[in-house]
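The sequence lines fix the lettering, A, B, ..., with proteins before strands; numbering per chain opens at 1. It should be emphasised that the depicted structure is a prediction, and the values quoted were computed from it without experimental measurement.
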2 protein chains.
Amino acid sequence: MEKHWYLSAIDIINELPEGERSFFYQKSHRKKYAKSSVIFSPGDHGNLIYYVLNGRIKIYNLSECGKEIIYWFCHPKDFFGLAEVCGGEMRTVFAEAAEETEVLWINRANFEELISRSPKIALFIMRILGSRIRQTHETIKDLIMCDVHTRLAQLLIKLGQICGCSHDGVITLEKKFTHQEMANMIGATRTTVTEVMNEFRKTGFIKCDGSRITILDYARLAGFIGFSD
Amino acid sequence: MEKHWYLSAIDIINELPEGERSFFYQKSHRKKYAKSSVIFSPGDHGNLIYYVLNGRIKIYNLSECGKEIIYWFCHPKDFFGLAEVCGGEMRTVFAEAAEETEVLWINRANFEELISRSPKIALFIMRILGSRIRQTHETIKDLIMCDVHTRLAQLLIKLGQICGCSHDGVITLEKKFTHQEMANMIGATRTTVTEVMNEFRKTGFIKCDGSRITILDYARLAGFIGFSD
DNA sequence: CAATAACTGTCGTCCAGCAAACATAATTAA
DNA sequence: TTAATTATGTTTGCTGGACGACAGTTATTG
(Lines give C-alpha, C1' and ligand atoms only; values in the text may rest on other atoms or scores of the structure.)
Protein backbone atom coordinates (compact mmCIF):
# COMPACT_ATOMS: atom_id res chain seq x y z
CA MET A 1 0.00 0.00 0.00
CA GLU A 2 2.95 2.31 0.41
CA LYS A 3 3.40 2.56 -3.31
CA HIS A 4 1.02 5.46 -3.46
CA TRP A 5 2.30 7.24 -0.39
CA TYR A 6 2.10 10.55 -2.18
CA LEU A 7 -1.63 10.34 -2.51
CA SER A 8 -2.18 11.04 1.12
CA ALA A 9 -2.22 14.75 1.67
CA ILE A 10 0.61 16.27 3.61
CA ASP A 11 -1.29 18.20 6.23
CA ILE A 12 0.90 21.23 6.39
CA ILE A 13 -1.30 23.44 8.43
CA ASN A 14 -1.50 21.08 11.35
CA GLU A 15 2.18 20.30 11.28
CA LEU A 16 3.01 23.98 11.51
CA PRO A 17 4.38 25.54 14.68
CA GLU A 18 1.68 27.42 16.56
CA GLY A 19 2.92 30.87 15.57
CA GLU A 20 2.89 30.21 11.87
CA ARG A 21 -0.41 28.41 12.01
CA SER A 22 -2.15 31.32 13.61
CA PHE A 23 -0.45 33.69 11.18
CA PHE A 24 -1.82 31.60 8.35
CA TYR A 25 -5.34 31.60 9.75
CA GLN A 26 -5.14 35.29 10.44
CA LYS A 27 -4.05 36.21 6.94
CA SER A 28 -6.28 33.79 5.09
CA HIS A 29 -9.86 34.23 4.01
CA ARG A 30 -12.61 31.69 3.92
CA LYS A 31 -14.71 31.29 0.82
CA LYS A 32 -17.40 28.93 -0.33
CA TYR A 33 -17.82 27.86 -3.94
CA ALA A 34 -20.96 26.31 -5.36
CA LYS A 35 -20.63 23.14 -7.41
CA SER A 36 -19.27 23.80 -10.89
CA SER A 37 -18.04 27.28 -10.13
CA VAL A 38 -14.65 28.09 -11.55
CA ILE A 39 -12.02 29.34 -9.12
CA PHE A 40 -9.47 30.24 -11.76
CA SER A 41 -8.83 29.70 -15.46
CA PRO A 42 -5.80 29.64 -17.75
CA GLY A 43 -4.58 33.16 -18.36
CA ASP A 44 -5.64 34.46 -14.96
CA HIS A 45 -2.95 36.09 -12.95
CA GLY A 46 -1.84 33.61 -10.30
CA ASN A 47 -1.90 35.67 -7.17
CA LEU A 48 -3.59 33.48 -4.60
CA ILE A 49 -3.00 30.08 -3.15
CA TYR A 50 -5.83 27.95 -1.82
CA TYR A 51 -6.31 25.36 0.87
CA VAL A 52 -9.27 22.99 0.74
CA LEU A 53 -11.35 22.80 3.91
CA ASN A 54 -14.06 20.54 2.58
CA GLY A 55 -15.45 19.47 -0.77
CA ARG A 56 -13.42 18.74 -3.82
CA ILE A 57 -11.62 20.77 -6.48
CA LYS A 58 -11.02 19.55 -10.00
CA ILE A 59 -7.77 20.66 -11.63
CA TYR A 60 -8.08 20.29 -15.38
CA ASN A 61 -7.55 21.71 -18.80
CA LEU A 62 -9.52 21.96 -21.99
CA SER A 63 -8.03 21.21 -25.35
CA GLU A 64 -8.70 23.32 -28.40
CA CYS A 65 -11.46 20.94 -29.43
CA GLY A 66 -13.10 21.17 -26.04
CA LYS A 67 -11.92 17.88 -24.62
CA GLU A 68 -11.33 17.92 -20.89
CA ILE A 69 -8.17 16.55 -19.30
CA ILE A 70 -8.38 16.09 -15.54
CA TYR A 71 -5.00 16.26 -13.85
CA TRP A 72 -6.23 15.55 -10.37
CA PHE A 73 -8.74 16.34 -7.66
CA CYS A 74 -7.80 18.28 -4.55
CA HIS A 75 -9.34 17.01 -1.38
CA PRO A 76 -9.59 18.49 2.11
CA LYS A 77 -6.18 19.55 3.49
CA ASP A 78 -4.72 19.86 -0.01
CA PHE A 79 -3.27 23.06 -1.34
CA PHE A 80 -3.84 24.11 -4.91
CA GLY A 81 -2.80 26.98 -7.11
CA LEU A 82 0.73 26.86 -5.70
CA ALA A 83 2.66 26.25 -8.87
CA GLU A 84 2.04 29.60 -10.50
CA VAL A 85 2.22 31.85 -7.49
CA CYS A 86 5.92 31.62 -6.79
CA GLY A 87 6.95 32.98 -10.14
CA GLY A 88 3.96 35.27 -10.36
CA GLU A 89 3.00 33.43 -13.51
CA MET A 90 -0.32 33.01 -15.19
CA ARG A 91 -2.55 30.08 -14.51
CA THR A 92 -2.33 27.35 -17.10
CA VAL A 93 -5.11 25.16 -15.76
CA PHE A 94 -8.68 25.42 -14.58
CA ALA A 95 -9.68 24.92 -10.96
CA GLU A 96 -13.33 24.17 -10.46
CA ALA A 97 -15.43 23.05 -7.53
CA ALA A 98 -16.46 19.47 -8.25
CA GLU A 99 -19.03 19.83 -5.49
CA GLU A 100 -19.81 22.56 -2.98
CA THR A 101 -16.41 23.39 -1.57
CA GLU A 102 -14.98 25.66 1.08
CA VAL A 103 -11.46 26.94 0.82
CA LEU A 104 -9.07 29.27 2.55
CA TRP A 105 -7.09 31.58 0.32
CA ILE A 106 -4.04 33.65 1.08
CA ASN A 107 -2.40 36.17 -1.18
CA ARG A 108 1.09 36.05 -2.51
CA ALA A 109 2.58 38.71 -0.26
CA ASN A 110 1.34 36.99 2.87
CA PHE A 111 2.38 33.63 1.54
CA GLU A 112 5.87 34.94 0.99
CA GLU A 113 5.94 36.44 4.42
CA LEU A 114 4.88 33.11 5.85
CA ILE A 115 7.78 31.48 4.10
CA SER A 116 10.27 34.01 5.28
CA ARG A 117 9.03 33.55 8.85
CA SER A 118 9.58 29.84 8.73
CA PRO A 119 11.74 28.01 6.24
CA LYS A 120 10.11 24.83 7.42
CA ILE A 121 7.02 25.81 5.50
CA ALA A 122 9.06 26.26 2.38
CA LEU A 123 10.28 22.70 2.71
CA PHE A 124 6.74 21.46 3.15
CA ILE A 125 5.59 23.27 0.06
CA MET A 126 8.50 21.86 -1.90
CA ARG A 127 7.52 18.44 -0.69
CA ILE A 128 4.01 18.95 -2.04
CA LEU A 129 5.29 20.22 -5.36
CA GLY A 130 7.77 17.38 -5.54
CA SER A 131 5.11 14.79 -4.93
CA ARG A 132 2.97 16.30 -7.67
CA ILE A 133 5.84 16.07 -10.10
CA ARG A 134 6.12 12.40 -9.29
CA GLN A 135 2.41 11.90 -9.75
CA THR A 136 2.47 13.52 -13.16
CA HIS A 137 5.50 11.43 -14.07
CA GLU A 138 3.57 8.34 -13.24
CA THR A 139 0.65 9.55 -15.32
CA ILE A 140 2.94 10.09 -18.28
CA LYS A 141 4.41 6.65 -17.86
CA ASP A 142 0.97 5.07 -17.71
CA LEU A 143 -0.25 6.92 -20.77
CA ILE A 144 2.72 5.70 -22.74
CA MET A 145 2.93 2.20 -21.38
CA CYS A 146 -0.46 0.93 -20.36
CA ASP A 147 -3.67 0.16 -22.16
CA VAL A 148 -7.03 1.46 -21.00
CA HIS A 149 -7.79 -1.66 -18.92
CA THR A 150 -4.70 -1.18 -16.85
CA ARG A 151 -5.11 2.57 -16.54
CA LEU A 152 -8.65 2.17 -15.35
CA ALA A 153 -7.73 -0.53 -12.84
CA GLN A 154 -5.01 1.77 -11.54
CA LEU A 155 -7.40 4.67 -11.33
CA LEU A 156 -9.87 2.63 -9.29
CA ILE A 157 -7.14 1.63 -6.89
CA LYS A 158 -5.98 5.20 -6.49
CA LEU A 159 -9.51 6.42 -5.94
CA GLY A 160 -9.90 3.70 -3.37
CA GLN A 161 -6.87 5.02 -1.52
CA ILE A 162 -7.93 8.63 -1.73
CA CYS A 163 -11.62 8.40 -0.95
CA GLY A 164 -12.31 4.78 -0.25
CA CYS A 165 -14.06 3.50 2.82
CA SER A 166 -13.18 -0.06 3.81
CA HIS A 167 -15.79 -2.49 5.16
CA ASP A 168 -15.50 -6.28 5.37
CA GLY A 169 -12.70 -6.38 2.86
CA VAL A 170 -14.49 -4.32 0.25
CA ILE A 171 -13.74 -0.69 -0.49
CA THR A 172 -16.54 1.71 -1.33
CA LEU A 173 -15.72 5.03 -2.93
CA GLU A 174 -17.24 7.86 -0.95
CA LYS A 175 -17.39 10.17 -3.92
CA LYS A 176 -19.28 9.58 -7.13
CA PHE A 177 -17.53 9.58 -10.46
CA THR A 178 -19.17 9.46 -13.85
CA HIS A 179 -17.68 7.41 -16.63
CA GLN A 180 -16.96 10.64 -18.43
CA GLU A 181 -14.93 11.94 -15.48
CA MET A 182 -13.01 8.71 -15.22
CA ALA A 183 -12.36 8.80 -18.94
CA ASN A 184 -11.01 12.34 -18.61
CA MET A 185 -8.75 11.23 -15.80
CA ILE A 186 -7.10 8.45 -17.78
CA GLY A 187 -7.22 9.90 -21.28
CA ALA A 188 -9.81 7.58 -22.75
CA THR A 189 -13.30 7.92 -24.17
CA ARG A 190 -16.49 7.58 -22.18
CA THR A 191 -17.66 4.59 -24.21
CA THR A 192 -14.47 2.67 -23.63
CA VAL A 193 -14.66 3.32 -19.90
CA THR A 194 -18.25 2.07 -19.84
CA GLU A 195 -17.23 -1.09 -21.63
CA VAL A 196 -14.26 -1.82 -19.39
CA MET A 197 -16.21 -1.02 -16.23
CA ASN A 198 -18.80 -3.57 -17.24
CA GLU A 199 -16.09 -6.05 -17.94
CA PHE A 200 -14.66 -5.46 -14.47
CA ARG A 201 -18.15 -5.82 -13.06
CA LYS A 202 -18.76 -9.11 -14.81
CA THR A 203 -15.37 -10.41 -13.69
CA GLY A 204 -16.34 -9.57 -10.12
CA PHE A 205 -13.64 -6.96 -9.52
CA ILE A 206 -16.13 -4.23 -8.77
CA LYS A 207 -19.79 -3.52 -8.13
CA CYS A 208 -21.79 -0.45 -9.10
CA ASP A 209 -24.94 0.93 -7.51
CA GLY A 210 -25.80 3.92 -9.60
CA SER A 211 -22.53 5.78 -9.75
CA ARG A 212 -21.36 4.50 -6.36
CA ILE A 213 -18.44 2.19 -7.01
CA THR A 214 -17.32 -0.62 -4.74
CA ILE A 215 -14.08 -2.50 -5.19
CA LEU A 216 -14.95 -6.10 -4.35
CA ASP A 217 -11.67 -7.75 -5.11
CA TYR A 218 -8.86 -5.33 -4.48
CA ALA A 219 -6.26 -8.07 -4.68
CA ARG A 220 -7.25 -9.28 -8.11
CA LEU A 221 -7.78 -5.77 -9.42
CA ALA A 222 -4.33 -4.88 -8.16
CA GLY A 223 -2.90 -8.14 -9.46
CA PHE A 224 -4.33 -7.24 -12.80
CA ILE A 225 -1.93 -4.37 -13.05
CA GLY A 226 1.02 -6.07 -11.49
CA PHE A 227 0.79 -4.90 -7.89
CA SER A 228 1.88 -7.18 -5.16
CA ASP A 229 1.34 -5.13 -2.03
CA MET B 1 7.89 32.61 -28.82
CA GLU B 2 6.84 33.29 -25.27
CA LYS B 3 4.66 30.23 -25.17
CA HIS B 4 7.54 28.12 -23.98
CA TRP B 5 8.86 30.60 -21.46
CA TYR B 6 9.42 27.84 -18.95
CA LEU B 7 11.99 26.16 -21.10
CA SER B 8 14.59 28.77 -20.39
CA ALA B 9 16.39 27.87 -17.23
CA ILE B 10 15.92 30.07 -14.23
CA ASP B 11 19.50 30.82 -13.33
CA ILE B 12 19.16 30.72 -9.59
CA ILE B 13 22.78 30.79 -8.69
CA ASN B 14 23.49 34.01 -10.47
CA GLU B 15 20.39 35.71 -9.17
CA LEU B 16 21.38 34.90 -5.62
CA PRO B 17 22.67 37.58 -3.25
CA GLU B 18 26.45 37.40 -2.89
CA GLY B 19 26.39 35.85 0.57
CA GLU B 20 24.19 32.94 -0.40
CA ARG B 21 25.99 32.39 -3.65
CA SER B 22 29.30 31.98 -1.94
CA PHE B 23 27.71 29.76 0.71
CA PHE B 24 26.41 27.58 -2.09
CA TYR B 25 29.77 27.34 -3.80
CA GLN B 26 31.48 26.69 -0.51
CA LYS B 27 29.19 23.83 0.45
CA SER B 28 28.90 22.27 -2.96
CA HIS B 29 31.18 19.74 -4.60
CA ARG B 30 32.19 19.50 -8.21
CA LYS B 31 31.94 16.18 -9.98
CA LYS B 32 32.39 14.99 -13.53
CA TYR B 33 30.37 12.15 -15.01
CA ALA B 34 31.33 10.26 -18.14
CA LYS B 35 28.76 9.81 -20.84
CA SER B 36 26.15 7.17 -19.95
CA SER B 37 27.05 7.06 -16.29
CA VAL B 38 24.09 6.94 -13.95
CA ILE B 39 23.92 9.60 -11.24
CA PHE B 40 20.98 8.08 -9.42
CA SER B 41 18.32 5.40 -9.92
CA PRO B 42 14.84 4.72 -8.62
CA GLY B 43 15.00 3.45 -5.07
CA ASP B 44 18.12 5.40 -4.18
CA HIS B 45 17.83 7.60 -1.18
CA GLY B 46 17.41 11.15 -2.41
CA ASN B 47 19.93 13.03 -0.36
CA LEU B 48 21.67 15.29 -2.82
CA ILE B 49 20.62 17.96 -5.22
CA TYR B 50 22.56 18.72 -8.37
CA TYR B 51 23.31 21.72 -10.52
CA VAL B 52 24.49 21.26 -14.10
CA LEU B 53 27.64 23.17 -15.00
CA ASN B 54 28.06 21.78 -18.51
CA GLY B 55 26.92 18.78 -20.50
CA ARG B 56 23.47 17.28 -20.36
CA ILE B 57 21.53 15.04 -17.98
CA LYS B 58 18.76 12.75 -19.05
CA ILE B 59 15.91 12.29 -16.57
CA TYR B 60 14.03 9.12 -17.44
CA ASN B 61 12.40 5.97 -16.32
CA LEU B 62 12.28 2.38 -17.48
CA SER B 63 9.08 0.42 -17.68
CA GLU B 64 8.84 -3.17 -16.56
CA CYS B 65 9.37 -4.30 -20.14
CA GLY B 66 12.48 -2.18 -20.48
CA LYS B 67 11.02 0.66 -22.48
CA GLU B 68 12.57 4.02 -21.76
CA ILE B 69 10.51 7.13 -21.05
CA ILE B 70 12.45 10.37 -21.17
CA TYR B 71 10.89 13.10 -19.04
CA TRP B 72 13.36 15.80 -19.93
CA PHE B 73 16.98 16.78 -20.31
CA CYS B 74 18.69 19.09 -17.86
CA HIS B 75 21.03 21.60 -19.40
CA PRO B 76 23.66 23.91 -17.91
CA LYS B 77 22.24 26.06 -15.09
CA ASP B 78 19.43 23.60 -14.41
CA PHE B 79 18.94 21.90 -11.09
CA PHE B 80 17.92 18.29 -10.87
CA GLY B 81 17.12 15.83 -8.13
CA LEU B 82 15.18 18.47 -6.23
CA ALA B 83 11.82 16.81 -6.06
CA GLU B 84 12.76 13.98 -3.72
CA VAL B 85 15.12 15.78 -1.41
CA CYS B 86 12.64 17.93 0.44
CA GLY B 87 10.65 15.03 1.77
CA GLY B 88 13.72 12.82 2.09
CA GLU B 89 12.02 10.45 -0.31
CA MET B 90 13.43 7.85 -2.60
CA ARG B 91 14.27 8.59 -6.18
CA THR B 92 11.66 7.46 -8.63
CA VAL B 93 13.56 8.26 -11.80
CA PHE B 94 16.94 7.74 -13.35
CA ALA B 95 19.40 10.57 -13.92
CA GLU B 96 22.09 9.77 -16.44
CA ALA B 97 24.75 11.82 -18.19
CA ALA B 98 23.70 12.06 -21.83
CA GLU B 99 27.22 13.24 -22.58
CA GLU B 100 30.22 14.07 -20.44
CA THR B 101 28.77 16.32 -17.79
CA GLU B 102 30.02 18.32 -14.85
CA VAL B 103 27.77 19.04 -11.92
CA LEU B 104 27.85 20.63 -8.50
CA TRP B 105 26.13 18.72 -5.76
CA ILE B 106 25.07 19.83 -2.32
CA ASN B 107 23.64 17.68 0.43
CA ARG B 108 20.29 18.00 2.04
CA ALA B 109 21.45 19.53 5.29
CA ASN B 110 23.33 22.29 3.53
CA PHE B 111 20.49 22.80 1.13
CA GLU B 112 18.12 23.26 4.01
CA GLU B 113 20.50 25.64 5.68
CA LEU B 114 20.71 27.61 2.46
CA ILE B 115 16.95 27.90 2.43
CA SER B 116 16.73 28.99 6.01
CA ARG B 117 19.37 31.64 5.36
CA SER B 118 17.41 33.09 2.51
CA PRO B 119 13.74 32.53 1.85
CA LYS B 120 14.28 34.02 -1.58
CA ILE B 121 15.99 30.81 -2.58
CA ALA B 122 12.99 28.85 -1.44
CA LEU B 123 10.82 30.88 -3.76
CA PHE B 124 13.21 30.28 -6.63
CA ILE B 125 13.15 26.57 -6.05
CA MET B 126 9.38 26.58 -5.90
CA ARG B 127 9.37 28.44 -9.17
CA ILE B 128 11.48 25.72 -10.73
CA LEU B 129 9.29 22.97 -9.36
CA GLY B 130 6.19 24.85 -10.47
CA SER B 131 7.46 25.21 -13.99
CA ARG B 132 8.22 21.51 -14.13
CA ILE B 133 4.70 20.69 -13.07
CA ARG B 134 3.43 22.80 -15.93
CA GLN B 135 5.77 21.10 -18.35
CA THR B 136 4.57 17.67 -17.31
CA HIS B 137 0.99 18.86 -17.58
CA GLU B 138 1.62 19.90 -21.11
CA THR B 139 3.20 16.55 -21.84
CA ILE B 140 0.14 14.78 -20.51
CA LYS B 141 -2.12 16.96 -22.59
CA ASP B 142 -0.11 16.27 -25.71
CA LEU B 143 -0.06 12.52 -25.12
CA ILE B 144 -3.82 12.49 -24.79
CA MET B 145 -4.67 14.99 -27.48
CA CYS B 146 -2.10 14.94 -30.23
CA ASP B 147 -0.98 12.39 -32.76
CA VAL B 148 2.66 11.54 -33.32
CA HIS B 149 3.05 14.09 -36.14
CA THR B 150 2.05 16.92 -33.88
CA ARG B 151 4.03 15.68 -30.91
CA LEU B 152 7.15 15.36 -33.02
CA ALA B 153 6.70 18.83 -34.54
CA GLN B 154 6.29 20.22 -31.03
CA LEU B 155 9.36 18.38 -29.84
CA LEU B 156 11.45 19.80 -32.65
CA ILE B 157 10.29 23.29 -31.81
CA LYS B 158 11.08 22.83 -28.14
CA LEU B 159 14.49 21.42 -28.93
CA GLY B 160 15.05 24.40 -31.17
CA GLN B 161 14.31 26.71 -28.28
CA ILE B 162 16.44 24.81 -25.80
CA CYS B 163 19.50 24.06 -27.87
CA GLY B 164 18.93 25.65 -31.22
CA CYS B 165 21.33 27.98 -32.92
CA SER B 166 19.77 30.42 -35.34
CA HIS B 167 21.43 31.39 -38.66
CA ASP B 168 19.80 33.04 -41.66
CA GLY B 169 16.34 32.11 -40.52
CA VAL B 170 17.12 28.44 -40.00
CA ILE B 171 17.65 26.83 -36.62
CA THR B 172 20.26 24.13 -36.17
CA LEU B 173 20.14 21.93 -33.09
CA GLU B 174 23.47 21.98 -31.30
CA LYS B 175 22.95 18.60 -29.74
CA LYS B 176 22.41 15.33 -31.54
CA PHE B 177 19.36 13.24 -30.97
CA THR B 178 18.74 9.76 -32.30
CA HIS B 179 15.31 8.77 -33.53
CA GLN B 180 15.13 6.39 -30.60
CA GLU B 181 15.71 9.22 -28.14
CA MET B 182 13.12 11.38 -29.80
CA ALA B 183 10.68 8.48 -29.76
CA ASN B 184 11.29 8.05 -26.03
CA MET B 185 10.65 11.73 -25.47
CA ILE B 186 7.25 11.73 -27.14
CA GLY B 187 6.08 8.23 -26.34
CA ALA B 188 6.27 6.77 -29.81
CA THR B 189 8.23 4.02 -31.54
CA ARG B 190 11.48 4.53 -33.32
CA THR B 191 10.09 3.39 -36.66
CA THR B 192 7.25 5.88 -36.52
CA VAL B 193 9.67 8.69 -35.69
CA THR B 194 11.86 7.72 -38.64
CA GLU B 195 8.86 7.78 -40.92
CA VAL B 196 7.56 11.12 -39.74
CA MET B 197 11.01 12.69 -39.79
CA ASN B 198 11.37 11.69 -43.42
CA GLU B 199 7.98 13.10 -44.14
CA PHE B 200 9.00 16.39 -42.53
CA ARG B 201 12.20 16.27 -44.53
CA LYS B 202 10.39 15.73 -47.80
CA THR B 203 7.94 18.50 -47.01
CA GLY B 204 10.88 20.83 -46.44
CA PHE B 205 10.25 21.49 -42.76
CA ILE B 206 13.61 20.15 -41.69
CA LYS B 207 16.96 18.95 -42.97
CA CYS B 208 19.18 16.23 -41.54
CA ASP B 209 22.95 15.80 -41.88
CA GLY B 210 23.70 12.64 -40.04
CA SER B 211 21.91 13.17 -36.78
CA ARG B 212 22.32 16.95 -36.89
CA ILE B 213 18.86 18.40 -37.34
CA THR B 214 18.10 21.77 -38.89
CA ILE B 215 14.69 23.38 -38.80
CA LEU B 216 14.33 25.01 -42.21
CA ASP B 217 10.80 26.28 -41.94
CA TYR B 218 10.01 27.10 -38.34
CA ALA B 219 6.86 28.96 -39.30
CA ARG B 220 5.29 26.11 -41.19
CA LEU B 221 6.42 23.54 -38.65
CA ALA B 222 4.86 25.67 -35.94
CA GLY B 223 1.81 26.33 -38.07
CA PHE B 224 1.48 22.60 -38.43
CA ILE B 225 0.70 22.32 -34.76
CA GLY B 226 -1.36 25.45 -34.50
CA PHE B 227 1.20 27.99 -33.30
CA SER B 228 0.87 31.56 -34.34
CA ASP B 229 3.75 33.25 -32.56
C1' DC C 1 -44.85 14.81 -11.75
C1' DA C 2 -43.82 15.75 -16.10
C1' DA C 3 -40.15 16.99 -18.81
C1' DT C 4 -35.67 17.91 -19.53
C1' DA C 5 -31.15 16.97 -18.89
C1' DA C 6 -27.45 14.06 -17.85
C1' DC C 7 -25.68 9.36 -17.63
C1' DT C 8 -25.05 4.46 -19.28
C1' DG C 9 -25.09 0.47 -22.56
C1' DT C 10 -24.03 -1.38 -27.09
C1' DC C 11 -23.07 -1.30 -31.84
C1' DG C 12 -20.50 -1.07 -36.25
C1' DT C 13 -16.56 1.28 -38.73
C1' DC C 14 -12.07 2.74 -39.30
C1' DC C 15 -7.27 4.00 -38.90
C1' DA C 16 -2.96 5.60 -36.35
C1' DG C 17 0.61 3.60 -34.93
C1' DC C 18 2.76 -0.61 -32.80
C1' DA C 19 5.25 -5.06 -33.40
C1' DA C 20 8.20 -7.80 -36.06
C1' DA C 21 11.40 -8.39 -39.56
C1' DC C 22 14.98 -7.10 -42.59
C1' DA C 23 18.33 -4.38 -45.38
C1' DT C 24 21.41 -0.78 -45.40
C1' DA C 25 24.08 2.97 -43.74
C1' DA C 26 27.16 5.14 -40.45
C1' DT C 27 29.89 5.08 -36.23
C1' DT C 28 33.02 3.26 -32.94
C1' DA C 29 36.25 0.21 -31.36
C1' DA C 30 40.12 -2.70 -31.76
C1' DT D 1 41.04 -1.43 -42.02
C1' DT D 2 38.11 -4.51 -40.55
C1' DA D 3 34.89 -6.01 -37.42
C1' DA D 4 31.32 -4.97 -34.42
C1' DT D 5 28.01 -2.08 -32.92
C1' DT D 6 24.53 1.24 -33.35
C1' DA D 7 21.40 4.10 -36.20
C1' DT D 8 18.28 4.56 -40.14
C1' DG D 9 14.91 3.24 -43.88
C1' DT D 10 10.94 0.62 -45.26
C1' DT D 11 7.30 -2.75 -45.56
C1' DT D 12 3.49 -5.88 -43.96
C1' DG D 13 0.30 -7.18 -40.95
C1' DC D 14 -2.75 -6.38 -36.97
C1' DT D 15 -5.46 -4.22 -33.30
C1' DG D 16 -6.75 -1.09 -29.46
C1' DG D 17 -9.58 2.12 -28.97
C1' DA D 18 -11.46 6.43 -31.01
C1' DC D 19 -15.65 8.11 -33.30
C1' DG D 20 -20.35 8.38 -34.31
C1' DA D 21 -24.98 6.97 -33.58
C1' DC D 22 -28.86 5.71 -30.85
C1' DA D 23 -31.67 3.54 -27.38
C1' DG D 24 -32.52 2.96 -22.66
C1' DT D 25 -32.01 4.68 -17.90
C1' DT D 26 -31.48 7.53 -14.08
C1' DA D 27 -31.26 12.29 -11.99
C1' DT D 28 -32.70 17.09 -11.71
C1' DT D 29 -35.74 20.77 -11.64
C1' DG D 30 -39.28 23.79 -12.63
Side-chain angles (χ1 to χ4, degrees), chain A residues 34-36 58 63-70 96 98-100 142-156 173 175-203 206-213 224-225, chain B residues 34-36 63-70 98-100 141-155 173 175-203 206-213 224-225:
Chain A
K35 181 175 175 174
S36 299
K58 180 171 75 179
S63 72
E64 292 66 35
C65 59
K67 188 168 173 171
E68 181 182 275
I69 296 152
I70 299 176
E96 177 183 315
E99 55 194 71
E100 186 176 86
D142 291 343
L143 283 170
I144 293 174
M145 292 297 313
C146 307
D147 62 9
V148 171
H149 283 240
T150 310
R151 298 213 298 277
L152 187 55
Q154 261 168 327
L155 176 67
L156 290 169
L173 304 191
K175 305 284 180 183
K176 292 184 172 189
F177 298 92
T178 66
H179 291 176
Q180 185 66 65
E181 281 177 318
M182 289 192 272
N184 295 345
M185 283 188 257
I186 62 172
T189 54
R190 201 273 310 161
T191 40
T192 309
V193 168
T194 300
E195 267 171 37
V196 178
M197 284 294 279
N198 285 331
E199 216 175 286
F200 284 173
R201 197 147 45 79
K202 282 170 196 156
T203 328
I206 60 170
K207 188 180 73 176
C208 305
D209 298 317
S211 44
R212 165 123 304 135
I213 300 164
F224 185 86
I225 56 170
Chain B
K35 181 175 175 173
S36 298
S63 72
E64 293 65 35
C65 59
K67 187 168 173 171
E68 181 182 276
I69 296 152
I70 300 177
E99 53 195 71
E100 185 176 87
K141 187 176 157 192
D142 291 344
L143 283 170
I144 293 174
M145 292 297 313
C146 308
D147 62 9
V148 171
H149 283 241
T150 309
R151 299 213 299 277
L152 188 55
Q154 261 168 326
L155 176 67
L173 303 191
K175 305 285 181 183
K176 293 185 173 188
F177 298 92
T178 66
H179 291 177
Q180 185 66 65
E181 279 176 320
M182 290 192 272
N184 295 345
M185 282 188 257
I186 62 172
T189 54
R190 198 237 75 214
T191 38
T192 308
V193 168
T194 300
E195 266 172 42
V196 179
M197 284 293 280
N198 285 332
E199 217 174 285
F200 284 172
R201 197 148 44 77
K202 283 169 196 158
T203 329
I206 60 169
K207 187 180 73 176
C208 305
D209 300 317
S211 44
R212 167 124 300 137
I213 300 164
F224 184 86
I225 56 170

Under 3.5 Å, N/O pairs linking protein and nucleotides 25-28 of chain C:
none

Whole Å only: how far is the NE2 atom of B/H179 from the P atom of D/dT10? 11 Å

Expressed as a whole number of angstroms, how long is the span from A/E68:CD to C/dC7:P? 11 Å

Using the test side chain to side chain contact (heavy atoms under 4.5 Å, CB included), find all partners of A/E96 that sit at least two apart in sequence or belong to another chain. A/S36, A/V38, A/K58, A/Y60

So, is A/R212 close to the C/dC7 phosphate, meaning a side-chain N or O under 4.0 Å from OP1 or OP2? no

Separation of B/E199 atom CD from D/dT10 atom P, in whole Å? 12 Å

Would you tell me if any nitrogen or oxygen in the side chain of B/N198 comes within less than 4.0 Å of OP1 or OP2 on D/dT8? no

Between D/dG16 (P) and A/L143 (CG): distance, integer Å: 18 Å

For the pair made of CD in A/Q180 and P in C/dA5, what is the distance, rounded to whole Å? 18 Å

Sequence neighbours excluded, which residues qualify as side chain to side chain contact (heavy atoms under 4.5 Å, CB included) partners of B/L173? B/L159, B/F177, B/I213

Whole-Å distance, A/I206 CD1 to C/dT8 P, equals 12 Å

To the nearest 0.5 Å, how far apart are OG in A/S211 and NE2 in A/H179? 8.0 Å

Spacing of A/M145 atom CE relative to C/dA19 atom C1', expressed in whole Å: 13 Å

A/T178 near the nucleic acid: base, sugar-phosphate alone, or nothing, with a heavy-atom cut-off under 4.0 Å? sugar-phosphate

Flag if over 12 foreign heavy atoms under 6.0 Å of NZ, A/K207: no

Any donor-acceptor pair under 3.5 Å from A/R190 side chain to A/A183 backbone: no

Please tabulate, one pair per line, each protein N/O and nucleotide N/O from nucleotides 17-20 of chain D that are separated by under 3.5 Å, including the distance.
residue, atom, partner, partner atom, Å
D/dG17, OP1, A/V148, N, 2.9
D/dA18, OP2, A/T189, N, 3.0
D/dA18, OP2, A/T189, OG1, 2.7
D/dA18, OP2, A/T192, OG1, 2.9

For A/T191, what residues pass the side chain to side chain contact (heavy atoms under 4.5 Å, CB included) criterion, not counting sequence neighbours? A/T189

Give the intermediate values and the outcome of side chain to side chain contact (heavy atoms under 4.5 Å, CB included) for residues B/T150 and B/D142. CA-CA 8 Å; B/T150 309; B/D142 291 344; over 6 Å; no

List in chain and number order the residues that pass side chain to side chain contact (heavy atoms under 4.5 Å, CB included) with A/K35, two or more places apart in sequence or in another chain; answer none if no residue qualifies. none

Could you give the CG-to-P distance, from B/N184 to C/dC18, as a whole number of Å? 11 Å

